[in-house]
Q: 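Mind having a look at this structure? Questions to follow.
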Amino acid sequence: MAQVEKKAGLLRRTSSKKPLKEKVVLMYDEIFAKDNPTKTNPHFWDELFLMKVNLEYLEAKLESLDGEEVMKIQDNINSLFHHCVQALGEEHQIKVVNALQTLCALFRGVHQKNKSASGFDIINMLMGFDKAEHRMKDLMESLNTLLCGESSDSLKSLCLKLLLCLVTVTDNISQNTILEYVMINSIFEAILQILSDVSSRRQHGYDAVVLLALLVNYRKYESVNPYIVKLSILDDEPTLDGMGMVVHQALTEYNRQYKDKEEENQGGFFSTLTSMVIASFLDNSDLLMTFRTNEAILLALYEAVHLNRNFITVLAQSHPEINMATTPAIAAPTTPTTPLGTTPPSLDMMNSTELPLDPNLQTSNLLITFLKYSSIVMQDTKDEHRLNSARLCLIILTCIAEDQYADAILHDDNMNFRVNLHRMPMRHRKKAADKNMPSRPLVCAVLDLMVEFIVTHMMKDFPMDLYLRCVQIIHKLICYQKRSRIRLHYTWRELWSALINLLKFLLSNETVLLAKHNIFHLALLVINLFNMFITYGDTFLPTPSSYDELYYEIVRMHQVFDNLHCMVLRVSTNTGQWKEPASKVTHALVNIRAIINHFNPKIESYAAVNHISQLSEDQVLEVVRSNYDTLTLKLQDGLDQFERYSEQPKEAAFFKELVRSISLNVRKNVSLNTLSQDILLKEFSSIS
Amino acid sequence: MGDTELELSPAQLEEDLQKSPSVSSTSTTSSFSLPSSPSSGLHHSDSPSTGDTLLTNSPTLDIITEGVSELSLVIDPEVARKACQEVLQKVKKQKGDPENPDASSDLVNGTAHTELGDGGGTKPPKIREEEEEPLPGSVKSAQRRQKNNSSKQSWLLRLFESKLFDISMAISYLYNSKEPGVQAYIGNRLFSFRHDDVDFYLPQLLNMYIHMDEDVGDAIKPYVVHRCRQSISFSLQCAWLLGAYSSDMHISTQRHSRGTKLRKLILSDELKPASHRARRELPPPTSHGLSDHGLSPSKRTHQRSKSDATVSISLSSNLKRTASNPKVENSQDEDRSSSSDSLDLETGTPVRLTPQREFIKSLMGIGKRLATLPTKEQKTLRLISELSLLNHKLPARVWLPTAAFDHHVVRVPHTQAVVLNSKDKAPYLIYVEVLECDNFETSSVPVRIPETRIRSTRSVENLPDCGVTAEQRTGSFYAVSNYDNDDEAWSVDDIGELQVELPEIHTNSCDNISQFSVDSITSQESKEPIYIAAGDIRRRLSEQLAHTPTTFRKDPEDPSAVALKEPWQEKVHRIREGSPYGHLPNWRLLSVIVKCGDDLRQELLAFQVLKQLQTIWEQERVPLWIKPYKILVISSDSGMIEPVVNAVSIHQVKKQSQLSLLDYFLQEHGSYNTEAFLTAQRNFVQSCAGYCLICYLLQVKDRHNGNILLDSEGHIIHIDFGFILSSSPRNLGFETSAFKLTSEFVDVMGGLDGDMFNYYKMLMLQGLIAARKHMDKVVQIVEIMQQGSQLPCFHGSSTIRNLKERFHMSLTEEQLQVLVEQMVDGSMRSITTKLYDGFQYLTNGIM
């Protein structure tokens, strides 16, 4: 066989200069003729799969067909498809490889041609209606066997490429009717097996995770998608871990690239001391533009977190930080379990105890990596793509913040980490001065990230949606703390001043923002956060003095609240669409106004009595402390209630668009990969 | 038999034995060799622990074959037969009607001693006895008695056969006697003692085996080999101790190889029960699976096998209709694993000891790697992550050797582990969840339960981890109808939560339909508004914080303080709540300190001495309180320590509370004259007196406050016996006083003139008198361990002499009283104690 292949290669090389056609091309032509090719050559199909596939030609040929021609050669195409599927069962790997590639070309060619055609036409054209079910079943079974079996890595990778290719042939995944057969003949188990096995995960984990993420999104809202069901009840730890590892590695890789790039830029940054600030600004946005975020992986993470409750444990599964180019080498042995069925039971459990950990590596986990990633992504949300990534990050964080177990992990006092979030370089603050910050529970990092976002995105093109999510995440975390009586040692003051600044921004840009957004909703959420602190502070604030500081902060910034009150009062007295939302804010402001009205006169009189024009912080705090008892607050209901996240119907459109963009992206990359399969073929020809 | 003879020290008896002219008499000799026969042990049915005797005795039958095979070159078969017949005759004479040995074998259910049942039906038991009799020891004694018979020996023999002859005496004679016959006799007599009793002296036995002459070794070996066959944990214990105590020897020495050889023999796992017996040990597969709360069908794989995993999956699929790997659902797997089970038994790969050895090895590996990290914080993080990986390999047939009951380790709650304070090593404390079982060798290994399994239950109950107790929750239900009370009005939110959270349970995983809109709640505003005072909120906040003063602040430089301060019961409760195995009734929490790079042999010695003194004081009814904590020596530079629960070091107490010791007592237990305080004070005094004596007798040094713990009941507990007997730290000449008694301690006792202080001195006197009475038992432990040892505590030649002198045998009780007064005075006035504390504060920051 090898010789045949080599001969073919030699032939091709010599013939490429002349207008002579490759043999495979001639054979393709035969298929596209109306006659049955086996008439002239009974071994036609056998021979075809021994030839190196010419993808471009085949695809172009399929594309060029018009409707009538298709009808005429439909039998031949059906036959080609049928023989491709049959060839997958062949012992000879060359045939299998060629068949897989031919299938790829078939799927793609047919779709490119029939952009307008319905899914049923395509199925008919490829397989024929009557046989479609049978053919697809055979195909999926063969792929299953190949993926789960002992076949070579390149072959498995090709199988996954074919599947990715099949899944992404249409822009809108839900319009890809062929996938209906993939739903019936599930390859979920094969994907799981790839993820649970250390070596196969290293090779194919990424493709498998992306494939899974896409399959889960097929007709997500219309029908029962078996992949959703299966993913949501998956509880096999090694598999879930494997999935986590793949995501972890992908995100780590992104973080690392970003960091490298940033350091590169900083070299120049120091050499040109003059244009320091401007340079850093420009560099930063350049930097962000240079590589795209990995939405497919992020989507996979979202689906796992959203659908599978067991996945939450994986978030906190510790892994040593995966570093530099050694990624696979380090990551692989640390994978915690020997997957089921790979090692003989007598050897398994305790043998791999000697963990090859480098003492210099910092321990990390998926959650930390994700937070770092988010901090990078959220820095710049100007273009649509990044905005979507940031939104998805915040959605994932929302899901995490709603999960009891995840909250328990976030707040675990015994799991302290130092999370270096990326902060946008800004004029008014020094960059990354906090090298020696203490390690704290992970929730502090989440809160830091939220504060960071709030502070850095007050711009004309206001990302209202992200702000809402951000404030809601904070709210959910505080609700958990209140409910669990967790007193987090966090510098709440930073959060308070960030929120007050946000209110200030909303007020000063009222007219601009009101044209596009319902700013009262955001304002209400922010005020309710304050109300949480005011009324329930005793359940979760770390110290009595932090409660004093809250009052201090409110009194100090009373101007903002006063203005807000004036504004909402004004709007709510007018009739109009904002009347009701504004009046809600008025109600919510009751306690804050009570505090301001209570303490301001006290402070003034204190100043007057002591003849001090400007009171120090301590003095104000003293006044606050001694005047609590005369202040009455109103208990507001539902402060610790929140709307639980639900994908449908609110987010459906977003995810539809996201999946579409991912599909396009994947399709582009897959096609590139499949075309450069020469190496692969060479590998096989030398093996066999 | 008079008491006086029993009181004779072994050495004296030995002297008599040597001096006396040897007069041969057959009757005595035969009776001498008699107890070496295992059946004689059986017939000593008047001994108080009949059941135990039977248990320990009958398995000797196994060892006999072992002995024959190993010593066949030495033993003259003729002599052996003769000896056997003599023994048998003696047996007949003593017991007219032999007991039915089958009945006894029934009693020995623990070891499943099946071969008795095997041929028992046809073969008369006596014949079997005869065949299996030629014990090496008895043969030797038979050989030698010709030379060495004396009338005195019969006295000795009567002592040996008396009820009062205990393991301590046995060890003592084994050590002191130069007479091979006596040694061989005692070697056999070991079989008749309770396992626990002998286990206490295992370090002594093994040290003698390694470092003393061949006769002693030969006398001990059969017993050790026999016990190794019986028990995995005994095997490992022996192997570790043999390794540790051989380490001081010169490599080339002959004796060295004896200990090492035995160690190799044990570790090669040749000393496993014969294969046919092992198979019979297997309980019927169904018996466990049903009764043991979802444990896997019993298997004899020593690791969590694949089939275990399948079981777990099939279990979970029952619950959740899992879409799992098709492979694991394949029945083929089960077949494969069960075939490997039987393979395991037949080929006898050394898998018996492997899981546990690997477990210990990985714990030590973690310690080694931690030591390379620079900061405590990094160490803690690394520890947590390493343990979380270790968790993936559990449950397995592994256990903590420091525990008192049989169990399997199922999970290490990794986030609870802490790195302990140490300058350059990295000792760490882990908590270990175990499931108690009947026998860790035969009981089936529990099935792995995924970490997240707990979550389903948690979300149903919703609040268990929120620190809201049941009463609070029921209280919140009343609050619905009663809004008058402010406090109860506060719990409205809890009800809201219940309402919100409950629908979630039914619709989890997929998108929730039931949303709780903010608007629907705010629309309730029509009802009467509730007012609250800001002052109340502020007050509640400070009150709630004031209510928990006993928890220590989190300090990244001292992570263990917080973990150790938490009351043990609370910790157990908390960890149980968070554990997927917590619902099992046989769930237990254990803790252990893993020490890597430290020699724990001295600690083990100190433990033995403390334990011995504790027994003595208990026996003499002196209410001294000490807490010997278990030590596991794994090698000469690693081991494990059983942590003292509910105790923190005085250093941590002072640093965290910033109070004097007395004030801390008042804060923790209540003011003077409250019952709690008085109890705590009495505990303090009793423990203080106990440890003062210990410190004096053992010359425990390095007594800074970091090495003295204070438990929640007021006891002090000394830890770290790194400097005892002849060794002291850096020889700076500090700590010259008899023991550490600071004025702070005296303050807690109620001052110099207080009754409690007098009580303290009285206790010391009583304790010293009691200890003096049993000095031999204490000295013996130390003396034997000195053999061949390079440990610093044995430095110099006068260690034992000095130790004996500290018991002041020659003084009258009045003189002892004066001595105690002097020691207390001296220690109190000791400038060096204060200096040493100051020195520690300056160099190590220990308060």
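Just so it is clear: chains get the letters A, B, ... in the order the sequence lines come, proteins before strands, and each one is counted from 1. The figures that follow rest on heavy atoms only: side chains count, while hydrogens, waters and symmetry mates do not.
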Q: Does the distance from a Lys or Arg side-chain N to an Asp or Glu carboxylate O, for A/Asp629 and B/Arg539, drop under 4.0 Å?
A: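 Yes, A/Asp629 and B/Arg539 are salt-bridged.
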
Q: Identify which of A/Leu631, A/Leu231, A/Thr632, A/Leu633 forms the greatest number of heavy-atom pairs closer than 4.5 Å to chain B.
A: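 The residue among A/Leu631, A/Leu231, A/Thr632, A/Leu633 with the greatest pair count is A/Leu633.
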
Q: For A/Tyr628, give me all partners under ring-ring contact (aromatic ring centres under 6.0 Å, His included), at least two apart in sequence or on another chain.
A: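 Partners of A/Tyr628 under the ring-ring contact (aromatic ring centres under 6.0 Å, His included) test: A/Tyr547, A/Tyr551.
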
Q: CZ of B/Arg538 to CG of A/Leu541: how many Å apart, nearest 0.5 Å?
A: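 Between atom CZ of B/Arg538 and atom CG of A/Leu541 there are 10.5 Å.
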
Q: Return the set of residues passing ring-ring contact (aromatic ring centres under 6.0 Å, His included) with A/Tyr227 (not counting sequence neighbours), or none when no residue passes.
A: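 None.
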
Q: Find the distance between OG1 (B/Thr415) and CD1 (A/Ile409) and round it off to the nearest 0.5 Å.
A: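 Answer for the OG1-CD1 pair, B/Thr415 versus A/Ile409, is 9.5 Å.
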
Q: CG of A/Asp548 to OG of B/Ser542: how many Å apart, nearest 0.5 Å?
A: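 So the gap between those two atoms works out to 9.0 Å.
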
Q: Specify the closest pair of heavy atoms between A/Lys634 and B/Ile532, including all atoms of both residues, with the distance to one decimal.
A: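 In this case the closest contact between A/Lys634 and B/Ile532 is C-CG1, 4.5 Å.
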
Q: Output, in order, the C-alpha distance, side-chain angles, deciding distance and verdict of side-chain contact (heavy atoms from CB on, under 4.5 Å) for A/Glu237 and B/Asn391.
A: CA-CA 12 Å; A/Glu237 274 176 73; B/Asn391 248 338; over 6 Å; no

Q: Could you tell me which portion of A/Pro542 (side chain, backbone, both or neither) has an atom closer than 4.5 angstrom to a non-hydrogen atom of chain B?
A: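 Contact with chain B: backbone only.
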
Q: Looking at every non-hydrogen atom in both residues, tell me the closest pair between B/Ile537 and A/Ile534 and how far apart they are.
A: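 Scanning both residues, the minimum pair turns out to be CD1-O, 3.3 Å.
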
Q: Within the 4.5 Å heavy-atom criterion, are B/Leu541 and A/Arg487 side-chain neighbours or not?
A: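 Of all side-chain heavy-atom pairs linking A/Arg487 with B/Leu541, at least one is under 4.5 Å.
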
Q: Please classify the contact of A/Ile486 with chain B as side chain, backbone, both or neither, using a heavy-atom distance under 4.5 Å.
A: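 No part of it gets close to chain B.
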
